[in-house]
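The structure appears right after this line, and notes come after that.
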Amino acid sequence: MARIVMKFGGTSVADIARIRNVARHVKREVDAGHEVAVVVSAMAGKTNELVGWVHDAGKAEGSNLNIYDAREYDAVVASGEQVTSGLLAIVLQAMGIHARSWQGWQIPIRTDNAHGAARIQEIDGSFLIKRFQEGQVAVIAGFQGLAPDNRLSTLGRGGSDTSAVAIAAAVKADRCDIYTDVDGVYTTDPRIEPKARRLPKVSFEEMLEMASLGAKVLQVRSVELAMVHKVRTFVRSSFDDPDAPGMSDLLNPPGTLICDEDEIVEQQVVTGIAYAKDEAQISLRRVADRPGVAAGIFGPLAEANINVDMIVQNISEDGKSTDMTFTVPSGDVAKALAVLERIRPEVGFDVLQHDDGMSKVSVIGIGMRSHAGVAATAFQALADKAINIRAITTSEIKISILIDGPYTELAVRTLHSVYGLDKH
Ligand code: ADP
Ligand code: ASP
Ligand code: MG
């Protein structure tokens, strides 16, 4: 007998027929004698709809600015998962399985107070372990938590992955299966590169980079948690026939295993290509070149919860002033510009420019640590397609390149092919 946490994403629970199919996956594991807890997302598109309503409600009449209380955002958007958890429990019960739905606050999944993007702080596993002992399948609403102010919180978009891994860690599950609409983690998003290949295993480090650089197949925090708590996490498809042979293989189910680097025998130089659309570039010209300037700029942006990414500071030509360029998600541009205008008198800069509609494409691979020339290959390949590079950042295992949005697909395919990732 094993203890398994099964998570089903939005497309997997998009309607009642799919929820019935999910229930067959759950039944398979229950019939195999395992202890099972299930985590569900809202139906596909539901969270977007709820977020849209919040934005509309927050818009003052005649204005484009939408201002709303993040606690109420959470009250609204957490509702999508409440619906699917109840529906799946009903379907499971009808199949004769002892199932019960649980909301985040009932477990409780305790988070911090950062409404809208809360971090899980504590889950007392004993609540769920008791359910296992009663032979119950707990169907848990993903994405939800309980904040210290005693109100509902949500974990940021894609947060049900994190709910599942955190629960798996709390109950010391043997496995956490993330069921989605693709049958594993691919060398790049299979939606934009049909030649992408499924990876049997991906290291935690690479998955962390892929997720934070745009591959939304797993939420970044879920990978962090899986890495820290050594949760055996598989990404697999809910669209596979639930009763196909091998589906309940305990050690090697179909899908991609996220694991320690040393479990991967054949290491490639480049493992995958990720992309993030909707980036914006902000440039400050003639910023005073003195100690404390970067802190003076990026401190207030961080306080405003703006996620600053690629930062490039030019060498000062005259020793007095320099240029500073960085990227933020497009949705944060207005907020960032407002912060920068506020601090302009203090920091001192001349021109403030911004460019929307950029994309960041990234090349990821642990093998880069020991291989030279990986970056040069990317730059040449993009140059050959006349794709202009706006900014570059690198780390030990990744290269990120900022380009104009319309070239995203072409850049991803070009890089995928130049590193030999295409399937033959
Ligand atoms: P869910 O609703 O199940 O949480 P998501 O839409 O959040 O599913 O994530 C699955 C999607 O992630 C896939 O449909 C795919 O388009 C996208 N994706 C992006 N990069 C990758 C990748 N490298 N491998 C697999 N899927 C990827
Ligand atoms: N329903 C939430 C979202 O769409 C959480 C999730 O699906 O993981 O972001
Ligand atoms: Mg997701």
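Remember, it's 1-based here, ligands and their atoms both numbered in the order they're listed.
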With the threshold set at 4.0 Å, does a side-chain nitrogen-carboxylate oxygen contact exist between [X] and [Y]?
{"X": "E224", "Y": "R119", "answer": "yes"}
{"X": "E134", "Y": "R100", "answer": "no"}
{"X": "D69", "Y": "R71", "answer": "yes"}
{"X": "K360", "Y": "D309", "answer": "yes"}
{"X": "D260", "Y": "K230", "answer": "yes"}
{"X": "R191", "Y": "E409", "answer": "no"}

Where is the nearest protein heavy atom to [atom]: which residue, which atom, and how far?
{"atom": "atom 13 (C) of ligand 1", "value": "D181 OD1, 3.4 Å"}
{"atom": "atom 8 (O) of ligand 1", "value": "T180 OG1, 3.1 Å"}
{"atom": "atom 6 (C) of ligand 2", "value": "S160 OG, 3.4 Å"}
{"atom": "atom 24 (N) of ligand 1", "value": "Y186 N, 2.9 Å"}
{"atom": "atom 14 (O) of ligand 1", "value": "R191 NH2, 2.6 Å"}
{"atom": "atom 7 (O) of ligand 1", "value": "K216 O, 3.4 Å"}
{"atom": "atom 25 (C) of ligand 1", "value": "G184 O, 3.4 Å"}
{"atom": "atom 17 (C) of ligand 1", "value": "D189 OD1, 3.8 Å"}

R198 (side chain) donor-acceptor with G255 (main chain) under 3.5 angstrom: yes
Q219 (side chain) donor-acceptor with R157 (main chain) under 3.5 angstrom: yes
Can you tell me how far apart [atom1] ([X]) and [atom2] ([Y]) are? Round to the nearest 0.5 Å.
{"X": "E279", "Y": "D356", "atom1": "CD", "atom2": "CG", "result": "10.5 Å"}
{"X": "K7", "Y": "T180", "atom1": "NZ", "atom2": "OG1", "result": "6.0 Å"}
{"X": "L50", "Y": "H55", "atom1": "CG", "atom2": "NE2", "result": "11.5 Å"}

R28, CZ atom: more than 12 neighbouring heavy atoms under 6.0 Å: yes
Heavy-atom neighbours of K335 NZ exceed 12 at 6.0 Å: yes
Numbered atoms of ligand 2 (with element) below 4.0 Å of S41, judged on heavy atoms: 6 (C), 7 (O), 8 (O)
Subset of ligand 2 atoms that lie under 4.0 Å from at least one heavy atom of R157: 3 (C), 4 (O), 9 (O)
Are any of the heavy atoms in [X] under 4.0 Å away from ligand 2?
{"X": "G159", "result": "yes"}
{"X": "E81", "result": "yes"}
{"X": "G158", "result": "yes"}

Counting only nitrogen or oxygen atoms and a 3.5 angstrom limit, does [X] reach ligand 1?
{"X": "D161", "answer": "no"}
{"X": "S12", "answer": "no"}
{"X": "G10", "answer": "yes"}
{"X": "K7", "answer": "yes"}

side-chain hydrogen bond (donor to acceptor under 3.5 Å, both in side chains) contacts touching residues 413-424 (sequence neighbours left out): T187-H416, H416-D422
Under 4.0 Å to a heavy atom of M210 - the qualifying atoms of ligand 1, by number: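 Ligand 1 atoms under the 4.0 Å threshold to M210: 23 (N).
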Contact with ligand 1 for S41, non-hydrogen, under 4.0 angstrom: no
Geometric N/O contact T47 with ligand 2, under 3.5 angstrom: yes
Please classify the [X] to ligand 1 contact at 4.0 Å (heavy-atom distances, strictly less than): side chain, backbone, both or neither.
{"X": "V217", "answer": "both"}
{"X": "T188", "answer": "backbone"}
{"X": "P190", "answer": "side chain"}

